[in-house]
Amino acid sequence: MLDIRLFREQLETVKQGFARMGFDVSEADRIVVIDDTVRALKTEVEAMQAELNIASKAMGAKGITPEERDAKRAELRALGDKISGVNAQRTEAEEQLRKALLYTPNLPDAKVPNGETETENVLVREVGTKREFSFTPKPHWELGTTLDILDFERGVKISGSRFYVLKGAGAALQRALIAFMLATHTEQNGYTEIYPPFMVKEECLYGTAQLPKFADNHYHDAEEDFWLVPTAEVPVTNLHRDEILEGARLPIKYVAYTPCFRREKMSAGRDVRGIKRGHQFDKVEMVKLVTPQTSEAELEALLNDAESICKALELPYRVLLVCTGEKGDFNTMQYDIEVYAPAAKGEEGGEWLEVSSCSNFGEFQARRTNLRFRPEPGAKPEFVHTLNGSGLALPRIMIAVMENYQNEDGSITVPTVLRPFLGGKETIR
RNA sequence: GGAGUGAUGUCCGAGUUGGUCUAAGGAGCACGAUUGGAAAUCGUGUAUAGGUUAAUCCCUGUCUAGGGUUCGAAUCCCUAUCACUCCGCCA
């Protein structure tokens, strides 16, 4: 959510940001008009309320006679009714304003490239080299099925399309990856591990801005206020909602493993082969709460922490600075990390798979979650800046590991760093 | 799921026959005095959101949340949430 003051004081900046994000610019003008209405009504109500308060107080004074009190009572009752009337208008206008603000995108950072599609994303760096195969690499669904560590048919049987079952060494490999990532982030990168609820209240999804815009991509209980988390970003960023943190505590760095649940309605028919896109997937997510002055540098550090996983797993990857049209609506800037999977497109060959998005949200989410910090004892509270990034998304990193580490006989070599988490196993066969 | 009790500022805590509550008091914190320095002591200040303003002043809302009664609500009524106790159920 943007500060309403931005609309009042820097309308042109807001409009430019909206234009870059492909958002209706006239909405900014409409918001200014509603804001003017709200403030006019508010001033009117408050003046009348002040009058009523003074008069009511006088009613309780000692010297007043019952007759005077009765006479005054009718008069004040009328004033009270009048206040209610205008106040109802005010509430309505405020609600309009709130709704309008909930839908507005964040303003992109100056460094974000303009563009509509992924072709306009800027390649920041490419790390590692693609492996040269002396044989034709197989896609992960073939490897997994043959090794009997991946079962698509039974996944579909019990849960429907876009579900699969990991079995034996497949399940163990994923568990090892999760354990390895958590260990790296907690022991080397300085994050505190969080195990959050996988179901949250609706207000949390408003807080991180999945709602109201993307309601149809989330699962929720029909009877109670429970929503399945689409990413650990939601519970973890909301952890300190409505709090005022001591400035000295920042930055706060959390890492959490959770399953993620998504309807994927927008992606119907896309990526149906293999385990690339499902209704349920696992992810290790990093979340940072930082001061406004440091958020830019913290984004680079976050990206670096995510990359450390790719490096340790010795997977070729690239980093992209995502353009205005492709990035999320609510961050100020977003880097994507893509790892290379040599057979993920089957007959067509390899593919870069997005395994992480690292974003800075500025104070956008902090405003929605009312999450502030006090820079110095006694100082006025300010909104924190929030950031998050995957570190990393599991099924896709599974794909990359399986396809990059496959051998000609169909077995898969276990990456060195994962072996301690798999009882020393070197090969899945 | 049933019954009961409770929720006050950063924290503790008074206030519940509706009207100087303009929320006492204490702790903590900040600044100052005192001191060679510190402790102790004393003094001053110290919630938050918004409106108005050049700024101050001032005004409005907030005593868990949302409604209601009333000229007027921390206080009375209703609903919800959370915590605790007892019962039931369960892993």
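Sequence lines set the chain letters: A, B, ... in the order given, protein chains first and strands last, and positions in each chain run from 1. Everything numeric in this text was worked out from a predicted model, so none of it was measured.
- Legend: residues meeting side chain to side chain donor-acceptor pair (under 3.5 Å) with A:N304, ordered by chain and number and at least two apart, are absent.
- Residues satisfying the side chain to side chain donor-acceptor pair (under 3.5 Å) test with A:K253, not counting sequence neighbours, are none.
- For A:D305, the side chain to side chain donor-acceptor pair (under 3.5 Å) partners at least two apart in sequence or on another chain are A:Y191.
- Listed by first and then second residue, the salt bridge (charged side-chain N to carboxylate O under 4.0 Å, His left out) pairs that reach into residues 289-303 of chain A are A:K111-A:E296, A:K288-A:E298, sequence neighbours excluded.
- Residue A:R90 is classed as having no contact, given no heavy-atom separation below 4.0 Å to the nucleic acid.
- Not counting sequence neighbours, the partners of A:E142 by the side chain to side chain contact (heavy atoms under 4.5 Å, CB included) test are A:K138, A:P139.
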Distances for protein N or O near nucleotides 89-91 of chain B N or O, under 3.5 Å:
none

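- Note on A:A55: nothing from the nucleic acid sits closer than 4.0 angstrom, heavy atoms only.
- Aromatic rings from A:Y219 and A:F261 are positioned such that their centres are separated by 6.0 Å or more.
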Shorter than 3.5 Å, N or O on both sides, protein versus nucleotides 72-81 of chain B: list them out with atom names.
unit_1 : atom_1 : unit_2 : atom_2 : d
B:rG72 : O4'    : A:S56  : OG     : 3.3

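- Applying the side-chain hydrogen bond (donor to acceptor under 3.5 Å, both in side chains) definition to pairs two or more places apart or across chains, those involving residues 33-48 of chain A are A:R8-A:D35.
- The phosphate of B:rA49 has OP1 or OP2 within less than 4.0 Å of a side-chain N or O from A:R372.
- Applying the side-chain hydrogen bond (donor to acceptor under 3.5 Å, both in side chains) test to residues at least two apart or on different chains, the pairs with a partner in residues 74-88 of chain A are A:N87-A:R90.
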N/O to N/O distances under 3.5 Å, protein versus nucleotides 51-56 of chain B:
unit_1 : atom_1 : unit_2 : atom_2 : d
B:rG51 : OP1    : A:R8   : NH1    : 2.9
B:rG51 : OP1    : A:R8   : NH2    : 2.9
B:rG51 : O2'    : A:T43  : OG1    : 3.2

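- For B:rU70, the OP1/OP2 oxygens have a side-chain nitrogen or oxygen of A:R77 closer than 4.0 Å.
- The ring-ring contact (aromatic ring centres under 6.0 Å, His included) test applied to A:H218 returns no partner, not counting sequence neighbours.
- In terms of the side chain to side chain donor-acceptor pair (under 3.5 Å) criterion, A:Y164 has no residue partners (sequence neighbours excluded).
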